[in-house]
Amino acid sequence: MTNNKIALLPGLSLFVCFCLLTGSGKLTAYFGGGAVLVALSELISFAVPFAIVLFSMREKKTLIRRLVYKKLPRGAVGLTVKAGITLAVLSLFLNLMIYQLAGLAGADLSATALGTPQTALGLVARLVVIVVLSAMVEELYLRGALMTVHSTRVGTSACLVFSGLAFAMLHGSLMNFAGPLIAGIVYAYLTYIFDSVWPAVIAHAVNNLYYVFVLWVTDTYAAFGIWNYFAALNGLMLLLFLYLSLRALERLLVRGQVPHLEKSAGLYDLWLLIQNPGVLAFALAFAANLILG
């Protein structure tokens, strides 16, 4: 019975995280936002699930190894920064494409399309809360604790895909699903190849920093139709940084500084994670939020 309860807890932590994010988001909006309230909301929403997963662990050596900062291979930081920029630009275009398919092609790309939290935060507060705090607490939970637990049960590929799905669903929107799905998989992959959560934190922070920059540009120059030019520039950036990211990864693989993906049971392993009752409750909560929200 004890083992069953412990196996249930990682999935249950996702349900708790989603409920905390949804509830705290509504409370934050009701009270008008503010840096302190937004920061507390983000911290609590991921710290509580992190503690739940931590309680479910029989041994914590792998988690401690991934949380303790260590010297990364040459070129690792360059790869994480390039990957973060690539993901940010790619997510932006995927969101824009979804808006066009939804019949909103004539609408300007706004902060809503970018999927960045809408708060009354100033620039400094956005940098601290959205760029630094969000990237850190989300990665420590999802790619630190949760992925470590899952890697003891299933193969790497299933962990990567599930991590992306969980990350996308925690965003609570189909309009902003594809970008977080790909980003979550890449963050999980960075954690796997470097056996550390900090490259994922760096890439996530770079991603969020790019969004903050785009928000500033669109807010400041929206009246001048800046997006007509900004979209073309982002297209060039996507091609450039995708190429640079793949080249950086290729060099690390050729030098043997990062591992290749291990073979696994694939879809069966993924099903083992999804069938967890806590994960099913999380999926139902996500679906209910889409229908009722």
**Criterion ring-ring contact (aromatic ring centres under 6.0 Å, His included) on Phe177 and His171, from CA distance to verdict** = CA-CA 7 Å; Phe177 191 90; His171 281 71; 9.1 Å; no
**Request:** Check step by step if side-chain contact (heavy atoms from CB on, under 4.5 Å) holds for Val279 and Phe162.
**Result:** CA-CA 10 Å; Val279 175; Phe162 185 84; 3.8 Å; yes
**Message:** Run Arg143 and Tyr189 through side-chain contact (heavy atoms from CB on, under 4.5 Å) and show every step you take.
**Reply:** CA-CA 9 Å; Arg143 259 63 68 172; Tyr189 179 70; over 6 Å; no
**Asked** Are Ser13 and Phe50 close enough, and set up right, to give a side-chain contact (heavy atoms from CB on, under 4.5 Å), and what steps lead you there?
**Response** CA-CA 7 Å; Ser13 73; Phe50 180 90; over 6 Å; no
**Request:** Test His204 against Phe167 for ring-ring contact (aromatic ring centres under 6.0 Å, His included), laying out the working first.
**Result:** CA-CA 12 Å; His204 196 156; Phe167 188 53; 5.5 Å; yes
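A donor-acceptor contact closer than 3.5 angstrom links the side chains of Ser245 and Thr86. No hydrogens or angles considered: nothing links the side chains of Arg66 and Thr191 as a donor-acceptor pair under 3.5 Å.
For the pair Asp269 and Arg153, the salt-bridge criterion is not met [side-chain N within less than 4.0 Å of a carboxylate O].
With a 4.5 Å cut-off on side-chain heavy atoms, Ser157 and Leu160 do not count as touching. Between Val16 and Phe282 the shortest side-chain heavy-atom distance does not fall below 4.5 Å.
No option in Ile85, Val89, Leu92 other than Val89 meets the side chain to side chain contact (heavy atoms under 4.5 Å, CB included) test with Leu238.
Side-chain N or O atoms of Ser91 include none that pairs as donor or acceptor with a backbone N or O of Ala88 at under 3.5 Å.
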